[in-house]
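Please read the structure below before turning to the comments.
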Amino acid sequence: MSNAAAIRPGRPALPEWVRRLPEYLMIWVPLLLSAAHLVSFSLWTIWISFTPSTLVPVTGWVGLRNYSAVAASRNWQIAFDNLLLFGSAFVLLSLVTGLALAILLDQRIRGENLLRSVFLYPLAVSFVVTGTVWSWLLNPGLGIQKLVHDLGWTSFKFDWLIDRDMAIWTIVIAAIWQSSGFAMALFLAGLRSVDTDIIKAAQIDGAGPFRIYRRIILPSLWPITITVVVIQLQFAISTFDLVRALTNGGPGIATQLPALVVYDLMFQRSLLGRGAAAAVLMLLILLAVLLPYAAWRYVQRRRAAHA
Amino acid sequence: MAALSIRTLSKRYANLEVLKGIDLDIESGEFTVLVGPSGCGKSTLLNIVAGLDHPSAGTVEIGGRVVNDVPPKDRDIAMVFQSYALYPSMTVRQNITFGMECRHVPKAEQDSAVANVAKLLQIEALLGRKPSQLSGGQRQRVAMGRALVRDPLLFLFDEPLSNLDAKLRVEMRMEIKRLHQRIGATIIYVTHDQIEAMTMATRIAVMHRGVVQQFADPDTVYRYPANLFVARFMGSPPMNTMPARLEADAGGPVVVIGAGRPDEVRLRLQGYDSAAPYLGREVVFGIRPECIAEGNRVFSGGAPIVVHAPVEMVEPTGAETIVLLRLGGESALARITPDIRPPPGTAAPFALDTRRICLFDPETERLIA
Amino acid sequence: MAALSIRTLSKRYANLEVLKGIDLDIESGEFTVLVGPSGCGKSTLLNIVAGLDHPSAGTVEIGGRVVNDVPPKDRDIAMVFQSYALYPSMTVRQNITFGMECRHVPKAEQDSAVANVAKLLQIEALLGRKPSQLSGGQRQRVAMGRALVRDPLLFLFDEPLSNLDAKLRVEMRMEIKRLHQRIGATIIYVTHDQIEAMTMATRIAVMHRGVVQQFADPDTVYRYPANLFVARFMGSPPMNTMPARLEADAGGPVVVIGAGRPDEVRLRLQGYDSAAPYLGREVVFGIRPECIAEGNRVFSGGAPIVVHAPVEMVEPTGAETIVLLRLGGESALARITPDIRPPPGTAAPFALDTRRICLFDPETERLIA
Amino acid sequence: MRERTFAPSRILIYLIVLLIAAAWLAPLAVVVLNSLRSNEEIAQGSMIGWPQHWAWSNYLAAWSGFCVAETCAGIRPYMLNSALVTIPATIFSTLLGAIAGYAVSLWRFRGDTWIYGIVTLGLFLPQQMRLLPWTIVLRDIGLINTLAGLVLIHTIQGLSFTTLFCRNYYVAIPHELIRAARIDGAGFFRIFWRIILPLSPPILIVTVIWQFTHIWNEFLYGVTFTSGQQQPVTAALIALSAAVADIPQHGVQSAAVIIAALPTLLIYLLGGKYFVRGLTAGAVK
Amino acid sequence: QGAVKPRLTAISQWSAGSDGAAITALGKKFEEKGGVWQHSPVPGFTTEMMNKLRAQIMAGDPPACSQLKGPEIAAWSKIAPTVDLDAVVAAAGYEKVVAPDLAKLHKPGGKWIALPLQIYSTNMLFLSKRAMDKAKADKIPVTWADFNELADKMKAGGVPYPIANGGTRPDDGQKFEAALAGISPLAYRAAIMNLEKKALEGSEIKAAFAQVRKIADWMDPNVGAQHFSTNLKRFIDGDMGMMIMGGWAQGVLRNAGFKFEDFMIAPGPSDNSKPVFLLNADAFIFWQRKEPDLQAGQTLMAQLVMDPAIQTMYSQITGSIPVRTDVDLSGEGWSDGQRRTAAALKDAIASNQAVLSLAHNMAQENGMTAAMIDVITEYVKNKTIKPEQAATRLAEAVEGAR
Ligand SMILES: Nc1ncnc2c1ncn2[C@@H]1O[C@H](COP(=O)(O)OP(=O)(O)OP(=O)(O)O)[C@@H](O)[C@H]1O
Ligand SMILES: Nc1ncnc2c1ncn2[C@@H]1O[C@H](COP(=O)(O)OP(=O)(O)OP(=O)(O)O)[C@@H](O)[C@H]1O
Ligand SMILES: OC[C@H]1O[C@@H](O)[C@H](O)[C@@H](O)[C@@H]1O
Ligand SMILES: [Mg+2]
Ligand SMILES: [Mg+2]
């Protein structure tokens, strides 16, 4: 090998950045478009929330009037309370359901593939359809209650859909049916990636299946649980089509949810400014959830980096 | 009494036969080292002994009892996994006490047991940490601690030092050996490290393709490898092996390497009586690199045979010099003292310790003498 | 001409300074081995040389040209990664030709290059396979092939043999060495294997905490370690080090270990003139295990000093016996011939090769003599 | 743990699993059964029932019969519209997300964490909020009332999910692979094309499934940004279900729901196996 | 016409059932007249239709004509230029035959920009023949007292649910507006249409809420939020007795195959015995376009919408009555119900008892309407709310939405 030759010349005709232009474009254009649309749309909404816009966006300044109107409205208050209830119940229950399904499927049972599809298929169906079908099933005059009555058990009662206090739970049921499959898939993936040696070690240590789940496997699912919680939470916060088709916010306004209120204000009532204010409040709720999560992630990373 | 008896054990995965009729009897208090190339079935065997995997055929007896249908937790075994397999969400202390917790050992007893083991392994300061906050060597010791805190019928160690650097390895090796001497435990220990195998074992089981090739004490395995596989697997650099002829001569049997060549090498044998039937036939000749030394080396018990051989390559390793030379046209490695470095391309005198050579049947590859 | 010059190179990640002003000049055709404990910055250095990482300060010159701003593909470097980094979705052949494909080498040329390299590495039969269908050793050779198919200014090897079993390692080591001799390439080679470092290097760079501790030929590093770190890092088992006093005596300087104890050991030194200023002071005494041998061992060039020392532990490794003994109360390891195994608990005679000991300043930890 | 023995506990496990599976299938069963009952039959009984006369004609009506205003072609033409939006938008968002995820995870460049953080925040931005801004954007670039406009929306909005999941998958790919390829002289695209893409099928299946179902099932943008014959299948479904000026057409509606859901159901059935597998490597870190 | 072929782009939410059939028939006529009919139905709710319209307007590409009604016509006309229809309207002499209150809504700035197409009364009373038989009644109730008495009778006669109804927001709104307007059209006008504070706090409101509670108590609770159409069969079967619904229910009933013998239609209860008409008129608004063919299309469309033959055709499909007061409904194709509706409208106008429907967005803009319906629907679904409380909340809601 001769060392006399210096480094092979590049292609001096084109400067580095020109040669790499296509790659810069490919990286930056989609990312920037995506980021730009998110940032500008959010800023636009914030701006609108301070204007007197009604049917269409207009300029002007009304200060916090839209916000106070939204905050004072019964719809928003109910929606907010519902979100707390629905959000926590749904997230918790879908977590538990998804985890339970994943654990069951993890037992090396026959027909796992088929069963997995059974639990996943609701994800394939649109929320509108889900809402409609569940409104059939849960409607006491059409669905399950009617069926049971027709079968002879006439004192059977399952009328949450028309019960102001319980209606929110019908949304929980439908939402769980629809999305626990996703939680299941994530958890199953997590269970499957627990190092088998660790489980073997626990067996050697004398732990039974229950203890192994409780002490070894479940604690290792923390990061996945966080992912599931975040994704389900965003689902809960943005739940819209489903409620619209299932209860449309009723009975009365008992099952209002923030996303529904935003849509209703912006488009049904043609109060764009107020709708935007409600949307911004929703974003704030989201941030209230996401910021602690981001902080947690940050701390995790820092800790990992220092370990 | 045999602490562990394995009888005609076999294991197949789909169309792959991983273990093919293993028979092993391990005495109580023995330190058995399991070696063999990657994929030969060592971990599989350990897993079956532990009850973590089911044999396709054969039985496993622990302490005289067939345990085939006994779940792992009732076999009274402690195991250290190659990957440590520490519980990531538990502290070091919890990792160590988890087994006792499962067995409902009283809290006070747990505490004192942890204290003992932590002292032994010098991990007292780490008890509150999570595994992710430990260095490799510390993790290793915790994995050890989890096993040592128990007093089982059988310890199973699966390559427990494989992830340590040279220095730490030496330290841990000593510690395990000391431990074995102190508590007299029965141990099966998998490793791919030659020195570990040689220094720790009371007996070594060499496995290859799911079959135990040889099961004997380290000296026997090293000195009298049962077949060519064992000969070439044990030792680093491994035993030099080359085709040769066994000839009868006035003074007794002579090994001829490169017969008929101008540089033919003739080595007179002493005390290789069992080789008699092979006189006049082809054999495989084996000699360990440390049995070829610089010309003026005196091997204990007798004057060595000295040959002049061409040097092909020289590798000083600091503690010694490895020389690639030609014996009757065949390549061989020699280990000589570090100060001597014969220049490649020249010939140099080498002392051969012929009392420690091996002869193998070229067909069956088994040891003749 | 220096093939590679590194000047006051440093690298920091956030608040961690990984490289602290590295200066290295590597001649064309040199085989430089880089060693050091895990995390000392070896891979980081290699990555910076390759242009895969950017230095925080300092320059890298290849073939006399500063290449700090030259992208990796224009640096004319071939690199073998510790993890092989084979492209999993490509066949062996595609793995090897990928670089040529990127450089638009004509198809015919690619084919003949692959054929050459495959023959050299004996992987002709594997060319159609995917990496997942290869054994560890085969993967290693493919990774090698990917580098060797090129004709670069500089080869960078990052622990390329670390995942092989002992037998294959020896083979590959020889092959790389042969290759270096044949094509005279400039090579930087990272390893944590002592024997590799000692046998392959024309010069060894020992790194610790981002600083090059010593950069010298293997003999010098082994024989005259620049400081205690290097002394304890090189060699396996490593050099025995222990506190001692340097005393003046009628016949010249004497090293006293365990001064005042009944079993005090006194070693007379010859030719350690540079130690004169330390007379009457504390020093750190270092002696390699192979310089402590069985009592009747004759070291070339002079009668050894023989001491009787208590034996604590004995480890026959097959090719030799490692003995843990006490010298003036301090632990030390000895490497003796395999046939001798003094029983632990007794005292035995040991020959010490005092011409090859080291003395270190206990403060600065630097080599005195 | 993952053992195959025959204990009463296993029978219990099977029982529980089958029970839950039955509950999970119930809504589908109800829709399937209703799709085979005539509207009259449903009106007389409950929404849950076994068909007395198999009303296969529901499927004909759903597929090519029922009217949306003056167009009486069933959901067939709308299926095509949905496909014309869903397929390209799925492909674009997946490909661009894969490239973005690849760039963010394996190339690291100035500002990448910020950009990436913002892009993933997109998962959380309610879509009601984006309707009007999109109106303005589509107007300004002249894509209002075109399928291309919808493709653009779904591509850009989809990037949030695809980038997130691809990145999480790609961070697990050893950096050495990229480094080796760079030493070999390969650039950004060649590495993506020759090395990353061949490793990506599991995660691409996840994103394709996800994107496909979400876009296919989307309604709000679909009706707002298309006109007349261009509307997506969800619009046709809504026309059937929200028809106030008619007695309910539950039978036909059910049949239409089944037909409209077929592509997504199929994609889940075929890809479901890989779904979990793809997630194993991604989404978790 | 002549030079260019008239073309019309139109948006409506009428996509299915009798609504869909009617607009389709209108399209056919348009095409028969040589026009190109480009109708874009927006399935779903009015909101989706409006989203679409807004998007088109913001994009500077409004449809030539779109469905819109009530005060929204005025509101939307402020955001984009509309067509001045005065000339065509004058040419057709349409103004003379349209109820003045209605005409006002379609000429917000004094000029016609939109044209009403059909009229419904949202408080028609539908009576199930079989339920009447079970109650052994044949007298159509005139006042709320009659109504309540009949309901009781039905209950006693074995009709499980004397009231058939839907549970959607407009359905709930209709119950209230029918009650209030029936109790006092004056109070309705003052409170609901003019939002007078005093009227909103008046006793009539409380009385109306009380009446709504009675109606709700007679309903099948399981109806929940279903559409009224879900239970039409039970209504015809006599399982349910009376339905307060817009005239469109006739179209739905007929479309579903039920016969005129099965039910009766009458004006909703009115305590002063004179019919009260809760006016709901569907209309088209015309957006300014520069394209000559679209302009020609708009002219043609306007002519068609005002054409008595077209209005006849349209109403006969949907069950509404024509906007034109000069159409003769005695001929074939008209139901008794429609005739009664038409007569009621005439009487109501004469006695100043024709008011604009709240539930169907005729009385107020959408924001105000929705705020009021919130209170009403909650009241209907929540029987623990007292009529007095509801009245207070309604007044508060009005204040909040102003
Ligand atoms: N579950 C399995 N299915 C199929 N083959 C398997 C399975 N587990 C192990 N094997 C195969 O069985 C053989 C023996 O595996 P085992 O883990 O016992 O090897 P080992 O001797 O421990 O190797 P190493 O030294 O690399 O750890 C290997 O060829 C392996 O590929
Ligand atoms: N991207 C990074 N960010 C922060 N720290 C890093 C990064 N990369 C490497 N380091 C740290 O830099 C130090 C040197 O790493 P390097 O990989 O060069 O070590 P090494 O000498 O090659 O070790 P080994 O022998 O284990 O391969 C380590 O402590 C490592 O943790
Ligand atoms: O609910 C159905 C009815 O709603 C009314 O508001 C519309 O004006 C009618 O055209 C429609 O048929
Ligand atoms: Mg193993
Ligand atoms: Mg490294």
Side-chain angles (χ1 to χ4, degrees), chain A residues 95-96 99 102-103 106-110 112-113 186-229 293 295-307, chain B residues 43-44 46-53 70-91 94-105 129-135 138-139 142-147 149-150 152-160:
Chain A
L95 208 74
V96 171
L99 184 59
I103 290 178
D106 193 34
Q107 305 304 310
R108 289 207 155 199
I109 54 178
R110 267 170 236 275
E112 187 195 310
N113 277 344
L186 279 166
F187 277 129
L188 194 56
L191 289 177
R192 291 279 151 88
S193 52
V194 172
D195 184 1
T196 50
D197 276 355
I198 289 180
I199 294 167
K200 288 180 175 177
Q203 281 180 283
I204 293 283
D205 262 345
F210 183 70
R211 195 192 295 266
I212 291 180
Y213 268 110
R214 199 169 53 85
R215 295 291 312 277
I216 312 287
I217 299 182
L218 297 187
S220 76
L221 290 183
W222 252 120
I224 297 185
T225 308
I226 297 289
T227 307
V228 173
V229 167
Y293 170 66
W296 179 81
R297 287 286 304 253
Y298 181 73
V299 171
Q300 284 295 96
R301 289 233 180 87
R302 285 290 293 263
R303 203 178 290 161
H306 284 264
Chain B
S43 298
T44 306
L46 244 51
N47 276 319
I48 292 177
V49 170
L52 298 169
D53 218 334
V70 177
K73 65 187 172 93
D74 299 328
R75 291 194 180 192
D76 200 12
I77 275 176
M79 185 158 172
V80 176
F81 292 83
Q82 179 170 2
S83 57
Y84 308 148
L86 298 183
Y87 310 129
S89 54
M90 298 186 197
T91 61
Q94 287 168 329
N95 261 281
I96 295 176
T97 54
F98 184 67
M100 291 187 280
E101 181 194 317
C102 294
R103 291 183 161 72
H104 309 289
V105 173
R129 294 212 203 151
K130 291 273 177 74
S132 61
Q133 298 167 305
L134 301 180
S135 80
Q138 293 165 333
R139 284 180 205 193
V142 175
M144 241 24 195
R146 205 164 52 178
V149 79
R150 301 193 25 210
L153 284 179
L154 195 55
F155 280 104
L156 304 176
F157 294 95
D158 197 353
E159 310 201 18

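Letters A, B, ... are given to chains in the order of the sequence lines, protein chains preceding strands, and every chain is numbered from 1.
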Among A:Ala202, A:Pro219, A:Ser220, who wins on heavy-atom pairs under 4.5 Å with chain B?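 Top option by heavy-atom pairs under 4.5 Å: A:Ala202.
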According to the salt bridge (Lys or Arg N to Asp or Glu O under 4.0 Å) rule, which pairs have a member within residues 70-89 of chain B, sequence neighbours left out? B:Asp76-B:Arg150
Hey, which of B:Lys130, B:Glu101, B:Met100 has the most heavy atom pairs under 4.5 Å with chain A? B:Glu101
Mind ranking B:Pro88, B:Ala143, B:Pro71, B:Gly99 by heavy-atom pairs under 4.5 Å with chain A and telling me who comes out on top? B:Gly99
Main-chain N/O of A:Arg108 paired with A:Glu112 side-chain donor or acceptor, under 3.5 Å: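 Flag not set: sc A:Glu112 to bb A:Arg108 has no pair under 3.5 Å.
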So, using side chain to side chain contact (heavy atoms under 4.5 Å, CB included) as the criterion, who are the partners of B:Ala147 when residues are at least two apart?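 B:Ala147 satisfies side chain to side chain contact (heavy atoms under 4.5 Å, CB included) with B:Ala78, B:Val80, B:Phe155 only.
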Let me know if B:Leu86 has heavy atoms under 4.5 Å from chain A in its side chain, its backbone, both or neither. backbone
A:Trp222 atom CH2: more than 12 heavy-atom contacts under 6.0 Å: no
